[in-house]
Protein chains: 2
Amino acid sequence: MHQPKHLQDAGLKSTLPRLKVLELLENVEDRHLTAEAIYRKLLEAGEEIGLATVYRALTQFEAAGLVTRHHFEGGQAVFELERGLHHDHIVCVHCGRVEEFYDKVIEKRQQSIAEKLGYTLRDHNMTLYGECHGPDCPGQKKKGPAAG
Amino acid sequence: MHQPKHLQDAGLKSTLPRLKVLELLENVEDRHLTAEAIYRKLLEAGEEIGLATVYRALTQFEAAGLVTRHHFEGGQAVFELERGLHHDHIVCVHCGRVEEFYDKVIEKRQQSIAEKLGYTLRDHNMTLYGECHGPDCPGQKKKGPAAG
DNA sequence: GTGCGAATGATAATCGTTCTCATTTGCAAT
DNA sequence: ATTGCAAATGAGAACGATTATCATTCGCAC
Ligand SMILES: [Mn+2]
Ligand SMILES: [Mn+2]
Ligand SMILES: [Zn+2]
Ligand SMILES: [Zn+2]
């Protein structure tokens, strides 16, 4: 339970819907959520909020640096609470599980590639897609004890 | 002027609209085009084709391995003719210019990161965003001879 | 408590892309 | 060259994600 007074510091008026979205992002287990998932979870928690407001709040949080938006495969953007530590992602193509990683060698190489090509690097998107081998992942063909 | 007989080889019936799209991709200067850009160019060239057909052709070409689809920033997907050589991209945030590159160190590192995290790597997306310094790029603040 | 500009939320609109379906095409067998 | 028919086309409707509109409500300084 953090105390999300961050809003005023970020130049945003502290309103109830915004606090609800921020609180959810701070306390939910899965860091990477679509706007609709956030909306649904708030409704399930008995909160009264509109989807448009969730989108607006997330966009404002992003502009304020409180939240990061990612575009993985599959239409919907996902949002995560910013923790100040840059990282990239690997996503399971079967179950959608997301892991984070940071690789200094890659980051440096990206920088020097940009320079070599005459660009000033401003940002990058690196997402790996693979098959996780978690027991709950539908990508794991379950070998029954007898051949079937 | 290539001879795009590739279609039958790829298991696709050789139809006029498909040939037109493929021919354009083979002969156009800019490798990376949106579906609408392709559609527009064909119309400008006097061809008669529908946007839905362009989308369909590109999707089929992608499934057949003739074309690759990328999702850079900004809504529209871009397509490019496959040349068999994997590469990644750097895109200018001002003028949209695209350069390609391939970095063996990064590719290897992606593989070992995936392994370390327990994934079997299947694909990846790496796009760098930066400011190019081309003379025509609107990101270049034109310094006039006198201070303004 | 009042007042007012900012925020909200229901809904319409937008944008890129895919789907529907009546018409046309490619092509193989006559 | 015809014919036949499944596959392809294209105009427009439909779709999913996100944003815009606008009447109502809220946050907050007085
Ligand atoms: Mn993350
Ligand atoms: Mn390319
Ligand atoms: Zn998985
Ligand atoms: Zn540029």
Side-chain angles (χ1 to χ4, degrees), chain A residues 4-24 32-64 66-80 96, chain B residues 4-24 32-64 66-80 96:
Chain A
K5 211 166 186 52
H6 315 302
L7 286 180
Q8 294 90 330
D9 310 349
L12 293 172
K13 194 187 289 190
S14 176
T15 70
L16 214 39
R18 300 215 268 234
L19 288 170
K20 294 301 183 188
V21 172
L22 189 53
E23 185 191 29
L24 187 147
H32 306 92
L33 295 173
T34 66
E36 258 202 71
I38 293 167
Y39 171 63
R40 234 178 319 103
K41 281 174 188 290
L42 287 174
L43 290 192
E44 283 164 14
E47 304 296 342
E48 202 159 298
I49 195 170
L51 179 56
T53 302
V54 172
Y55 271 107
R56 270 188 299 241
L58 290 169
T59 300
Q60 292 154 343
F61 292 176
E62 184 190 22
L66 296 177
V67 149
T68 307
R69 183 194 307 245
H70 304 291
H71 294 280
F72 299 156
E73 300 270 302
Q76 277 133 301
V78 310
F79 300 83
E80 74 172 307
Chain B
K5 210 166 187 53
H6 315 301
L7 286 180
Q8 295 90 331
D9 309 349
L12 293 171
K13 194 188 288 190
S14 176
T15 71
L16 215 39
R18 301 213 269 234
L19 288 169
K20 294 302 182 187
V21 171
L22 189 52
E23 185 190 29
L24 186 146
H32 307 91
L33 294 173
T34 66
E36 258 202 70
I38 294 167
Y39 171 62
R40 234 179 318 103
K41 281 176 188 290
L42 287 174
L43 289 192
E44 283 165 14
E47 303 297 342
E48 202 158 299
I49 195 171
L51 179 57
T53 302
V54 172
Y55 271 107
R56 269 188 300 239
L58 291 169
T59 300
Q60 291 155 343
F61 291 176
E62 184 190 22
L66 295 177
V67 149
T68 308
R69 183 193 307 244
H70 305 291
H71 294 280
F72 299 156
E73 300 270 301
Q76 277 131 303
V78 310
F79 300 83
E80 75 172 307

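By convention in this document, chain letters (A, B, ...) are assigned in the order of the sequence lines, proteins followed by strands, and residues within each chain are numbered from 1.
A:Y39 places none of its side-chain heavy atoms less than 4.5 Å from the side chain of A:T34. In this structure, B:L24 and B:E47 have side chains that are not in contact, with every pair of non-hydrogen atoms separated by 4.5 Å or more. At least one side-chain heavy atom of B:Q76 sits less than 4.5 Å from a side-chain heavy atom of B:E36. With a 4.5 Å cut-off on side-chain heavy atoms, A:L66 and A:Q60 do not count as touching.
From the 5' end on, the contacts that DNA chain D makes with chain A at under 4.0 Å to a non-hydrogen atom open and close at D:dA17 to D:dC28.
Shown here for A:F79 and A:V67, the closest heavy-atom pair between the two residues is CD2-CG1, 3.9 Å. The two residues B:S14 and B:L7 come nearest to each other via the heavy atoms CA-CD1, 4.1 Å. Nearest approach of A:L12 to A:F61, heavy atoms of both residues: CD1-CD2, 3.7 Å. Between B:A35 and B:V54, the shortest heavy-atom contact is O-CG1, 3.7 Å. Taking every heavy atom of both residues into account, B:I49 and B:L43 meet most closely at O-CD2, 4.0 Å. Annotation for B:R69 and B:T59: closest pair NH2-OG1, 3.2 Å, computed over non-hydrogen atoms.
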Task: Base versus backbone protein contacts along nucleotides 15-29 of chain C [heavy-atom cut-off under 4.0 Å; B, S, -] - done: -SSBBB-----SS--
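Contacts between residues 40-50 of chain A and DNA chain D, defined by a heavy-atom separation below 4.0 Å, involve no residue at all.
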